[in-house]
Amino acid sequence: MDENNHGRNSDNPEDKQQTPAGRYLRIKPFFLLMLMFGLVLLTAGVTFFALTVGEDKVVEVVSPKSERGEFEKLYDAYDAVKKQYFEDVTDEELVNGAINGMVDALGDPYSDYLDETEAQHLNESISSSFEGIGAEIQERNGKIMIVSPIKNSPAEKAHLQPDDIILSVDGESLQGKSSTEAVTLIRGEKGTDVTLQIERAGLEEPIDVTITRDVIPIETVYAEMVDDEVAHIQITSFSENTFDELLEAIDAMEKKGMKAMAIDVRQNPGGLLSTAIEISNLFVEEGEGLFQIEEKGRKPQITYASGGTKVKMPVVLMIDGGSASASEILAGALMESAGIRSVGEKSFGKGTVQSPQDFRDGSNLKLTTAKWLTPDGNWIHEKGIEPTDPVSYPEYVKLPFIDPKTSMQDGDTSMTILSAEQMLDAVGYDPGEADGVFDEETAEAVRDLQSEAGLEESGILEGDTTFALMDKLREKIETDDPMMKKAAEILHEQLK
């Protein structure tokens, strides 16, 4: 008893450390807490594994739904398609489709999503050269429309025109397709043919136009003297080199005696904003406005002309329905800030700015991020710019392309023959009444054409004869240009 009592009441520290009860009371709570913490972690890990990896996984537990409730329906639809759709569909297809759907919901023809392949095609089209037909297109009101053909391109030679609607490509309907999808179908290797079904105002039925693809010209400025004093300088697009090309053209024309110039942006679908600023700056005095940009939730910010080289001679601008975007920025700056007169028809009407966003997989999202206004604050979107001196194109400019493979001869009747008769009359051959009937008078007009072109005088319109007719029409359009004549008239008045 004494030994036991002595042990319990001892003040010796060594004796206390050897007491089993004392050792248990000090250490047990620590191990208990660590054990409980470990069990919690183990349970959570097993549960997570079961829910997300096992056969009976519950995807919703780890989905972002709880963070972004507005996407709940989207995730439900995604899960339903993956689980219930009768064919396999890849995640990439569904994600691309979802993004396309969001962009389409904007109802904006200039905002677009391009997957990796489509983005690659776009990059090729804005490089030094590409192969295709050479026409700027866009989706408007659910239809694929031509904004304008590029100068000297197969599209121009085929007489494609602004506002032509492309219904199908090689028999494949464009209904519901984006402009990017349409471009993918239309473009192709040099020397290959593509057939477009075209709907054109004034024609009762759609027409088929077969075009041979080619390398699209990359030169963007063309200049020539109209007479001893006036030069015609055409800008076909606003690319990286256009400003330098324009300076070279102006220098060349000055050496030939140019005292006034007609700047021509007809059929110019636009291009780089920076190039439009550079060119506008040539004609607008320092400190005057060039255009305004209005971003979401912000007041319009105006861009002013800077110093540098300035054109010091009379200038007239020519525009038409194919003048869009950067062409309209130039037109607004010249007309409102420099008081330059314009000749032609109302411009296209594109008053928005797009910004691209590249994704890591090579795809691209192009969104309309702002609207642009003229220096005076006018928004020309879907309205266009009215010229100060309106001049309309003659009717023969709007005549449709005639397929050289189509044979027309005495006794035939068709709408194509009506177009051929109108062409013959426009270039100086008398086919008689233009009524769509290929009669003896029409055949005689064709023989006259064949005689002048050095072809067999068969009186049948086909092949080389058709090419000769369309070449003559194109030559007439270029040399007998009522808009150019009006521009030259204005410039000569200003030179007096």
Side-chain angles (χ1 to χ4, degrees), residues 114 116-138 144-162 164 166 168-170 172 174 179-198 208-224 233-246 248-249 252 264-272 275 322-327 362 364 400-405 463-464 466-468 470-471 473-475 477-478:
L114 286 68
E116 185 176 358
T117 301
E118 293 168 338
Q120 182 179 354
H121 288 164
L122 176 64
N123 291 332
E124 290 172 357
S125 70
I126 60 177
S127 62
S128 59
S129 65
F130 66 98
E131 296 177 355
I133 68 170
E136 176 80 7
I137 66 172
Q138 73 154 206
I144 302 298
M145 296 177 57
I146 291 178
V147 176
S148 64
I150 297 173
K151 185 177 177 65
N152 293 335
S153 67
E156 184 191 54
K157 294 174 182 177
H159 292 221
L160 294 186
Q161 299 170 15
D164 278 350
I166 308 176
S168 66
V169 179
D170 287 334
E172 182 171 344
L174 296 186
S179 58
T180 303
E181 292 171 317
V183 167
T184 301
L185 292 174
I186 294 170
R187 292 188 60 201
E189 294 183 1
K190 174 183 177 180
T192 60
D193 289 343
V194 60
T195 299
L196 310 181
Q197 186 179 50
I198 299 294
D208 287 337
V209 179
T210 299
I211 305 174
T212 301
R213 301 179 178 100
D214 203 346
V215 175
I216 305 306
I218 58 174
E219 188 176 356
T220 61
V221 178
Y222 300 81
E224 63 179 357
I233 301 179
Q234 184 177 17
I235 304 172
T236 60
S237 68
F238 292 81
S239 66
E240 291 181 355
N241 299 322
T242 303
F243 180 69
D244 291 334
E245 288 183 42
L246 178 58
E248 292 173 4
D264 186 354
V265 291
R266 292 176 298 174
Q267 307 293 298
N268 182 330
L272 298 177
T275 302
S323 305
S325 192
S327 293
N364 175 276
F401 173 84
I402 298 177
D403 189 346
K405 296 176 183 178
D464 289 340
T466 302
F467 281 120
M470 290 191 293
D471 286 344
L473 182 63
R474 185 165 57 253
E475 181 181 348
I477 291 171
E478 292 177 352

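Counting begins at 1 with the first residue of the sequence.
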Task: Residues in salt bridge (Lys or Arg N to Asp or Glu O under 4.0 Å) contact with E475, at least two apart in sequence or another chain - done: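 Counting only residues at least two positions away or on another chain, E475 forms no salt bridge (Lys or Arg N to Asp or Glu O under 4.0 Å).
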Open item on the list: Restricting to salt bridge (Lys or Arg N to Asp or Glu O under 4.0 Å), what partner residues turn up for D471, sequence neighbours left out?
Closed with: R474
State which residues pass side-chain hydrogen bond (donor to acceptor under 3.5 Å, both in side chains) with [X]; sequence neighbours excluded, sorted by chain then number.
{"X": "D193", "value": "T212"}
{"X": "Q267", "value": "D320"}
{"X": "S168", "value": "none"}
{"X": "D164", "value": "R200"}

Task: S327, S237, S325 screened by side-chain hydrogen bond (donor to acceptor under 3.5 Å, both in side chains) with N268, the one that passes - done: S327
- [ ] Go through the steps to decide whether T242 and T220 satisfy the test side chain to side chain donor-acceptor pair (under 3.5 Å), and finish with yes or no.
- [x] CA-CA 6 Å; T242 303; T220 61; 2.9 Å; yes
To the nearest 0.5 angstrom, please state how far the [atom1] atom of [X] sits from the [atom2] atom of [Y].
{"X": "D214", "Y": "K157", "atom1": "CG", "atom2": "NZ", "value": "7.0 Å"}
{"X": "E219", "Y": "Q234", "atom1": "CD", "atom2": "CD", "value": "10.5 Å"}
{"X": "I146", "Y": "E136", "atom1": "CD1", "atom2": "CD", "value": "10.5 Å"}
{"X": "E172", "Y": "E181", "atom1": "CD", "atom2": "CD", "value": "9.0 Å"}

Less than 4.5 Å apart, side chain to side chain, heavy atoms only: is that true for [X] and [Y]?
{"X": "M145", "Y": "I137", "answer": "no"}
{"X": "I235", "Y": "L246", "answer": "yes"}
{"X": "I233", "Y": "V221", "answer": "yes"}

Task: Main-chain N/O of P404 paired with T466 side-chain donor or acceptor, under 3.5 Å - done: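 No: the side chain of T466 does not pair with the backbone of P404.
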Give me the atom names and distance for the closest heavy-atom approach of [X] to [Y].
{"X": "E156", "Y": "P149", "value": "N-CB, 3.7 Å"}
{"X": "P154", "Y": "I211", "value": "CB-CG2, 3.5 Å"}
{"X": "T275", "Y": "F243", "value": "CG2-N, 4.2 Å"}
{"X": "A324", "Y": "V147", "value": "CB-CG1, 4.1 Å"}

Task: Criterion side chain to side chain contact (heavy atoms under 4.5 Å, CB included) against I166, the qualifying member of L160, I186, L185 - done: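 Result: among L160, I186, L185, I186 is the only option passing the side chain to side chain contact (heavy atoms under 4.5 Å, CB included) with I166.
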Open item on the list: Before you tell me yes or no, could you show the steps for L174 and V169 under side-chain contact (heavy atoms from CB on, under 4.5 Å), namely the whole-Å CA-CA distance, both residues' side-chain angles and the distance that decides it to 0.1 Å?
Closed with: CA-CA 7 Å; L174 296 186; V169 179; 3.9 Å; yes
Open item on the list: Evaluate L473 against H159 for side-chain contact (heavy atoms from CB on, under 4.5 Å), listing each step before the verdict.
Closed with: CA-CA 10 Å; L473 182 63; H159 292 221; 3.3 Å; yes
- [ ] Could you tell me whether D264 and R266 make a salt bridge, using a distance below 4.0 angstrom between a side-chain N and a carboxylate O?
- [x] yes
Open item on the list: Evaluate D208 against L196 for side-chain contact (heavy atoms from CB on, under 4.5 Å), listing each step before the verdict.
Closed with: CA-CA 6 Å; D208 287 337; L196 310 181; over 6 Å; no
Open item on the list: Is there a side-chain contact (heavy atoms from CB on, under 4.5 Å) between K190 and R213? Walk through the geometry before answering.
Closed with: CA-CA 5 Å; K190 174 183 177 180; R213 301 179 178 100; 5.7 Å; no
